[in-house]
Q: 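If you scroll down you'll find the structure; I have some questions about it.
Read the numbers this way: they start at 1 and go in the same order the structure lists the ligands and their atoms. Values below: every heavy atom of this structure, side chains too, minus hydrogens, waters and symmetry copies.
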Amino acid sequence: MQQNKKKEILYLKGVGPKRAEAFEKLGLKYASELLSVYPRDYLIRTTIREIVKHPDKNVIISGKIIDKQQPRTPKHPTRLAVFDGTASVDCLIWGNTFYRQKQFKVGDEYVFWGKVVFNSFEGTTQFDLRDHKKYEAGDEELLKYPLIPVYILSTELKKTWIKPLSLTKIVFNAIKSGLNEIDEILSSEVRSKNQLLDHKQAILRIHYPRSAEEIEIARQTLAFEELFYLQLVMALKKRSAASGENGISFAKVGENFEKLFKNLLGFELTAAQKRVIKEIRADMKSPRPMNRLLQGDVGSGKTIVAILCMLIAIENGYQCAFMCPTEILAEQHHKTLTGYFDKLGVKCVILTGGQKKKLRDSVLLDIRTGAAKIAVGTHALIQDTVDFNKLGFVIIDEQHKFGVMQRAKLRAKGVNPDVLVMTATPIPRTLSLTVYGDLDVSVIDELPKNRKSIKTGLRYEQDRLKVYDFLREEIKKGRQAYIVYPIIDESEKLDLKSAEKHFEILRKEIFPDLKLGLVHGRQFWFEIDQTIEAFRDKQIDILVATTVIEVGIDIPNAAIMVIEEAQRFGLSQLHQLRGRVGRGADQSYCILMAESPGEASRQRLSVMVESTDGFKIAETDMQIRGPGEFFGTRQSGELRFNAADLGKDMPLIEKARNSAFALIESDPELRGNENQTIRKHFLINYKESMSLISIA
Ligand code: ADP
Ligand code: MG
């Protein structure tokens, strides 16, 4: 038995050393591993008589060649008349003449994959050939299924001249020899509770479904299994983080919190902000180290939540660290923070890589002695020279821009400090449960009431002059504007040139009477900061920028944003950018300029026109681009699923999560008899990933 299970692909019929090597390059060595390569599509198995029932579909037929007609010219197809005992059909073969003429012989039996087309000129139903294989022993077994799978032919495999139907046959043989060796991987309890097929059935039915519905039923089981084990990893991580009661208990809230909350804010917190503060306060009070993700759309008021929570930590005698991904952001946050903390007599310092040594030394001293209660900074905060006096609370802003190691380093500067990670990039819930499933999540899902909604429009090249007129009018009324160019990766030199060139044209030819400024990521951060401050002081009417302004900049009078080549941005990024306007009392506008009205990009961009809900936009963005793209390549390694689809499997994720967390709750070490199957599968396949999945 054991030997059988380890049968190598090399020994499957139709595979030789070359092909075995190609499979191995794809990470597939054993026949049993082919069972987890799921079909990319299914062909309808039909008789020739019934072929008319499947117009425009990909079908599979088998039969004998009873006639063959050479093409009249190279542009015409070869015609094979194929008969299967029920009827005959004309099978058309396009392409390479020599090959066409030689290959097929009248009297031979074949399996054909093709598309059913109606030739209106001839008034007949025909068959456009896609792939074929000689009929061989054992094919009748394969062809008794109503749907026949085809698989992705990767480049490696294509090099070995393997064709789709041959691959189907190879996998079929692998299934035949391996199916009985497939072990169950879930407990019967989990399966029955979630109405799943057993693993073997699911594998068989994903390859050879008896109906189209059965594909989805099988897929759901296989997807559940993948998601379940990922959630099991999360549940175990969360449990291990929460074990030891060795964190800090921030017992009191303190006067400063009350003072700021009641008198100094100048506005009422939204219900969502209050709820989130409550959640964080409860975590801080508990001696368990906090690990919480705070999500909130741009402008939802995360900073003030962070400030209030920092005051709690400070009141209890601890210091806070606030880490930002860029120097500009650190600078902006430091300004906002000192605006509040100065009034309360709380010292807040900033530490960045670009500081002069003298200043830096004094900042480091303040952090070391504890004179500074808060240190805002970039990754400069995690350098060895930084010594905190008593770090108890860590805030990480825009956490997806930091690696796991960087976060761990900052945490290690204190002794089990509470950690709050914040993100303004709304992460679809499917993703946050998958990638940050080990964190507790708080969501600010409400914007302050005084916000005016932003009017968003989609415009094309032919509207450009009108757009400029509109800008000019708004600026006359006293507003300011951003014009954003798509330098997504700041190393793209060509793009940078185009932003600089456009800036010159705008300045000299379009708006010679207005004041323009330019910021981009190749400038020093203090240059950017100077320009942004000049913009804030209204010395600049139009700020031409790249995506360096994406996060953190808060200038209420800037009410118009034009985004050039909008089709090149992801939706979530557009949403972030748009969040720079709509911050004041005036009606704000966002104009998306797209090159030519291509249907796909028009549809995508119209999501921006219709919605200002960051979560909805993120959800759509992920569905369009896929979770890997959406999230950036760094984290996407964890998101490679065979059967699960984060775009549509939210209900499954929740079910899998509930089951996995309930299991760990009831049997944390998987000791129970009924859980041995799960324990074994976990140890073999998932133990390693414990260290790969992010933990803040
Ligand atoms: P985020 O960091 O979530 O993008 P901020 O914390 O920068 O949002 O808040 C955006 C602006 O809204 C700031 O000027 C802030 O002072 C203000 N603000 C925050 N909360 C409220 C509220 N409840 N009511 C009115 N204004 C608020
Ligand atoms: Mg705590």
Side-chain angles (χ1 to χ4, degrees), residues 257 260-280 292-311 320 322-326 328-344 348 374 376 395-401 420-427 441-454 480 482 532-533 535-536 547-559 561 572-586 588 590 612-615 617-618:
F257 181 97
L260 179 60
F261 187 77
K262 296 216 173 89
N263 307 321
L264 291 175
L265 278 183
F267 50 75
E268 171 88 356
L269 291 180
T270 62
Q273 283 171 316
K274 286 182 191 163
R275 187 190 68 237
V276 162
I277 289 173
K278 241 192 202 153
E279 290 166 358
I280 299 172
R292 189 169 279 279
L293 176 69
L294 174 57
Q295 282 196 61
D297 213 340
V298 240
S300 62
K302 291 181 295 298
T303 316
I304 201 68
V305 168
I307 290 171
L308 283 160
C309 297
M310 284 191 277
L311 285 175
C320 307
F322 192 130
M323 184 160 74
C324 313
T326 67
I328 316 163
L329 263 182
E331 187 67 26
Q332 300 282 325
H333 271 314
H334 181 247
K335 273 196 194 108
T336 312
L337 265 53
T338 45
Y340 289 104
F341 290 134
D342 280 356
K343 289 183 206 153
L344 298 166
C348 174
I374 299 142
V376 182
I395 293 179
I396 296 166
D397 195 26
E398 284 301 317
Q399 42 69 43
H400 66 281
K401 304 210 165 151
L420 182 68
V421 290
M422 306 204 297
T423 178
T425 315
I427 304 170
V441 180
S442 290
V443 183
I444 307 184
D445 49 6
E446 177 188 359
L447 292 181
K449 285 190 194 59
N450 57 3
R451 292 293 144 74
K452 282 249 169 73
S453 78
I454 304 164
Q480 291 163 282
Y482 297 97
I532 288 173
E533 287 315 304
F535 189 51
R536 193 191 300 282
T547 49
V548 290
I549 60 154
E550 190 183 343
V551 276
I553 291 163
D554 186 9
I555 299 172
N557 193 52
M561 174 173 284
S572 295
Q573 200 177 13
L574 287 173
H575 180 68
Q576 284 292 317
L577 283 168
R578 180 169 63 179
R580 297 309 108 213
V581 296
R583 298 186 154 247
D586 305 298
S588 289
C590 176
T612 51
D613 177 344
F615 281 92
I617 290 169

Q: Counting non-hydrogen protein atoms only, what is the nearest one to atom 16 (O) of ligand 1? Give residue, atom name and distance.
A: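 Checking every protein heavy atom, the shortest distance to atom 16 (O) of ligand 1 gives Phe267 CE2, 3.6 Å.
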Q: Would you check if Arg578 and Ile617 make a side-chain contact, meaning some heavy-atom pair closer than 4.5 Å?
A: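 Touching, per the 4.5 Å side-chain cut-off.
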Q: With nothing but distance in play, are any N or O atoms of Gly301 less than 3.5 Å from an N or O of ligand 1?
A: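 N/O-N/O distance below 3.5 Å exists for this pair.
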Q: Considering only non-hydrogen protein atoms, determine which one is nearest to atom 14 (O) of ligand 1 and report residue, atom name and distance to 0.1 Å.
A: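 For atom 14 (O) of ligand 1, the nearest protein heavy atom comes out as Asp554 OD2, 3.1 Å.
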Q: Can you name the nearest heavy-atom pair linking Asp397 to Leu329, along with the distance?
A: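 Taking Asp397 first and Leu329 second, the nearest heavy atoms are OD2-CD1, 4.4 Å.
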Q: Report the nearest protein non-hydrogen atom to atom 11 (C) of ligand 1: residue, atom name, distance rounded to 0.1 Å.
A: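 The answer is Arg451 NH2, 3.4 Å.
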Q: Please list, in number order, the atoms of ligand 1 under 4.0 Å from a heavy atom of Thr270.
A: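 It comes down to these atoms of ligand 1: 23 (N).
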Q: Is there side-chain contact between Val443 and Val276, with at least one heavy-atom pair below 4.5 Å?
A: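 Sidechains of Val276 and Val443: no contact.
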Q: Would the distance check show the side chain of Gln273 and the main-chain N or O of Gly301 forming a donor-acceptor pair, the cut-off being under 3.5 Å?
A: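 Side chain of Gln273 to backbone of Gly301, a donor-acceptor pair under 3.5 Å: yes, one is there.
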Q: I need the atoms of ligand 1 closer than 4.0 Å to a non-hydrogen atom of Glu268, numbered in the order shown.
A: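 Checking each atom against Glu268, I get 22 (C), 23 (N), 24 (N).
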Q: Quick check on contacts: which atoms of ligand 1 are under 4.0 angstrom from a heavy atom of Leu269?
A: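 Going through ligand 1 atom by atom, the ones under 4.0 Å from Leu269 are 23 (N).
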Q: Tell me the contacting part of Asp297 for ligand 1: side chain, backbone, both, or neither, using a 4.0 Å heavy-atom threshold, strictly below.
A: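 Just the backbone.
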Q: Of all the heavy atoms in Gly296, does at least one lie under 4.0 Å from an atom in ligand 1?
A: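 The answer is no, since Gly296 has no heavy atom less than 4.0 Å from ligand 1.
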Q: For atom 3 (O) of ligand 1, find the nearest protein heavy atom and state the residue, atom name and distance (0.1 Å precision).
A: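 Its nearest protein heavy-atom neighbour is Lys302 NZ, 2.7 Å.
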Q: Just one of Glu279, Lys302, Gln295 clears the side chain to side chain donor-acceptor pair (under 3.5 Å) bar with Ser442, so which one?
A: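 Considering Glu279, Lys302, Gln295, a side chain to side chain donor-acceptor pair (under 3.5 Å) with Ser442 is found only for Glu279.
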Q: Of the protein's non-hydrogen atoms, which lies at the shortest distance from atom 7 (O) of ligand 1, and what is that distance?
A: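 I find the closest protein heavy atom is Thr303 OG1, 3.6 Å.
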Q: Flag the pair Lys335 and Glu533 as a salt bridge only when some basic side-chain nitrogen lies within less than 4.0 angstrom of an acidic carboxylate oxygen.
A: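 Looking at Glu533 together with Lys335, the answer is yes, because their closest N to O distance falls below 4.0 Å.
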Q: Counting non-hydrogen protein atoms only, what is the nearest one to atom 20 (N) of ligand 1? Give residue, atom name and distance.
A: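 Nearest protein contact, heavy atoms only, for atom 20 (N) of ligand 1 is Gln273 NE2, 3.0 Å.
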Q: Closest approach of His575 and Asp613, non-hydrogen atoms and distance?
A: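 Shortest heavy-atom contact: CE1-C, 4.4 Å.
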Q: How far is atom 4 (O) of ligand 1 from the closest protein heavy atom, and which atom is that?
A: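 Answer, as residue, atom name and distance: Gly299 N, 2.7 Å.
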Q: Without swapping roles, check the side chain of Gln332 against the backbone of Asp554 for a donor-acceptor pair under 3.5 Å.
A: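 Not at all, since once roles are kept as given, no pair shorter than 3.5 Å links the two residues.
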Q: Just to be sure I read this right, does ligand 1 sit under 4.0 Å from the backbone of Lys449, its side chain, both, or neither, counting only heavy atoms?
A: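 Contact part for Lys449 vs ligand 1: neither.
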Q: Might you point out which heavy atoms bring Leu308 and Phe257 nearest each other, and give the distance in Å?
A: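 Residues Leu308 and Phe257, closest heavy atoms: O-CD1, 3.3 Å.
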